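So the structure is just underneath, and the comments pick up after that.
Keep in mind that what you see is a predicted model, and the values were worked out from it rather than measured. In what follows, every chain begins at residue 1, and chains take the letters A, B, ... in the order their sequences are listed.
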Amino acid sequence: MLLAWYDRHRRRLPWRAAPGETSDPYRVWLSEIMLQQTTVKAVGPYFEKFVARWPDVTALGRASLDDVLRMWAGLGYYSRARNLHACAVAVTREHDGVFPDTEEGLRALPGIGPYTAAAIAAIAFDRRTMPVDGNIERVVSRLFAVEEELPQAKPLIQQLAATLLADSCAGDETSRAGDSAQALMDLGASICTPKKPACSLCPLSEDCMARARGTQETFPRKAPKKSGTLRRGAAFVVTRGDELLVRSRPDKGLLGGMTEVPGSDWLAGQDDAAAKQQAPELKGLSRWQRKVGVVTHVFTHFPLELVVYTAKVEARTRAPEGMRWVPIATLADEALPNVMRKVIAHGLGF
DNA sequence: CAACCGTGGCT
DNA sequence: TAGCCAAGGTT
């Protein structure tokens, strides 16, 4: 039985309540947002930092968006941080600091979609619902040998996963809906892995249709995704003594609201000369020095190649409109996405 | 509804 | 290595 396996093999995770203890909706919510498309390993340190600084949802609701973005820097998918903050504000101001305890109520909050609403409802409030994430999609598609491709198969998989919830809870005094979901997630993470699943260790192997056919690894069915076109651009690392010239990106879109050094557009097929022409204009800047090599970075939808130029300007040189000087020593505190950390490291010779 | 939205680790 | 993958949501 699935829950019996879970009771023995469940992962110990910072946001999970100990067996028998009630879980904190704030920690469940925070972890679920961080874990969207992000590995447990990457989330760990960020989760600890967040709960240490903001122990509850009202504390986070009082924080500034900028502080939240700075703390989130490096985790990726930055709209999550904006929605996280907006959600904390909404819960604080409109729900008296108490999370709604129904899927519907949770779903109405920013950053909480169908998966996360079901996950919080099940894990934090023991609601009888089955969240379906990537792990559960894989487990269920193998268990029932779902031939339909993703994402079209989502409704079917959701339905099949729900039957699993009913099965795993039959006869239980409490529903343990959250444990059923987390059991399937742990199974997907540790046993029913994308490649070379350890079927011999799986508590569901006897019931697995794909296993019976020996085709586990071919599920879930999925069309191969096309890779984006390479884009090129230039980045400009300007120092004034021990300070660096930076600006903030627009609130929406790629790396929304994050800090960057000035740079050109990022376009497919753009040549170096065109990119360099978009350099910021500073008084008393004698010449640009092109750093050898390029900075490469891969976003979800396209790979990026950045040429880096450096220049020094005299003390008290004014920052161009919309830009500012920040001490290099405090760069770690800025809301710098990793691509910009790479650029700065390359430009400054770290 | 398909496209957009980061990053790091693993095979 | 180059692609795949991770506790998805928003538009």
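In this structure, A:Phe47 places its CZ atom 22 Å from P of C:dA6, rounding to the nearest Å. Atom pair A:Asn83:CG and B:dC5:C1' shows a separation of 12 Å (rounding to whole Å applied). Between A:Leu254 atom CG and B:dG6 atom P the separation is 5 Å, expressed in whole Å. Protein atom CG of A:Leu230 is 13 Å distant from nucleotide atom P of C:dG3, rounded to whole Å. Per the geometry, CZ belonging to A:Arg80 stands 9 Å off P belonging to B:dG6, to the nearest Å. In this structure, NZ of A:Lys195 is placed 11 Å from P of C:dA6, rounded to the nearest angstrom. Between A:Leu106 atom CG and C:dG8 atom P the separation is 17 Å, expressed in whole Å. Spacing between atom CG of A:Leu75 and atom P of B:dG6 amounts to 12 Å, rounded to whole angstrom units.
Contact annotation for A:Gly74: backbone-only contact, meaning every heavy-atom pair under 4.0 Å involves sugar-phosphate atoms and none involves a base. As judged by a 4.0 angstrom heavy-atom cut-off over every strand, A:Leu255 is placed among residues touching the sugar-phosphate backbone only. Here A:Arg138 lies in heavy-atom contact (under 4.0 Å) with sugar-phosphate atoms only. At a threshold of 4.0 angstrom between heavy atoms, the contacts of A:Trp72 with the nucleic acid are absent. Using a 4.0 Å heavy-atom cutoff across all strands shown, A:Pro114 reaches sugar-phosphate atoms only and no base atom. Using a 4.0 Å heavy-atom criterion, one finds that A:Leu184 contacts no nucleic acid atom at all.
Remark on DNA chain C: of its neighbouring residues A:Ile112 and A:Ala189, the 5'-side contact belongs to A:Ala189, judged by nearest-heavy-atom nucleotide. Of the two residues contacting DNA chain C, namely A:Pro224 and A:Ala119, the nearest-nucleotide position lying further toward the 5' end is that of A:Pro224. Between A:Gln152 and A:Tyr77, the one whose closest nucleotide on DNA chain B sits nearer the 5' end is A:Gln152.
Only one option out of A:Glu149, A:Glu148, A:Gln152, A:Glu147 pairs with A:Arg221 in a side chain to side chain donor-acceptor pair (under 3.5 Å); it is A:Glu147. Of the listed residues (A:Arg341, A:Arg70, A:Arg247, A:Arg324), just one forms a salt bridge (Lys or Arg N to Asp or Glu O under 4.0 Å) with A:Glu334, and that residue is A:Arg324.
Here the side chain of A:Gln37 is nearest to one of C:dC5, C:dG9, C:dG8, namely C:dG8. In this structure, of C:dA6, C:dG8, B:dG6, it is C:dA6 that holds the atom nearest to the side chain of A:Thr39. Counting only heavy atoms from C-beta on, A:Pro194 has its side chain closest to C:dC5 among C:dC5, C:dG8, B:dT7. With B:dC5, C:dC4, C:dT10 as the choices, the nucleotide that has an atom nearest any side-chain atom of A:Lys225 turns out to be C:dC4. Which of C:dC4, B:dG6, C:dG8 sits closest to the side chain of A:Tyr78 comes down to B:dG6.
Partners of A:His297 by side chain to side chain donor-acceptor pair (under 3.5 Å), not counting sequence neighbours, listed by chain and number: A:Lys342.
Of the charged side-chain nitrogens involved, none lies within less than 4.0 Å of a carboxylate oxygen, so that A:Asp24 and A:Arg27 do not count as a salt-bridged pair. Salt-bridge formation is detected for the pair A:Asp186/A:Arg11: a Lys NZ or Arg NE/NH1/NH2 atom is positioned less than 4.0 Å from an Asp or Glu carboxylate oxygen. A salt bridge does not link A:Glu314 to A:Lys283: none of the charged nitrogens lies less than 4.0 Å from a carboxylate oxygen.
Annotation: proximity of residues 330-349 of chain A to DNA chain B (heavy atom, distance under 4.0 Å) is found for A:Pro337, A:Asn338, A:Val339, numbered in ascending order.
C:dG9 and B:dG8: their P atoms are spaced 23 Å apart (whole Å).
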_side-chain hydrogen bond (donor to acceptor under 3.5 Å, both in side chains) evaluation trace for A:Gln36 with A:Tyr115_ = CA-CA 10 Å; A:Gln36 289 168 2; A:Tyr115 162 77; over 6 Å; no
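With hydrogens and angles ignored, no donor-acceptor pair closer than 3.5 Å exists between the side chain of A:Thr116 and the base of C:dG9.
Residue A:His301 places no side-chain N or O under 4.0 Å from the OP1 or OP2 atom of B:dA3.
A:Phe47 has its ring centre no less than 6.0 Å from the ring centre of A:Phe50.
Looking only at distances, a side-chain donor or acceptor of A:Arg80 sits under 3.5 Å from a matching main-chain atom of A:Met34.
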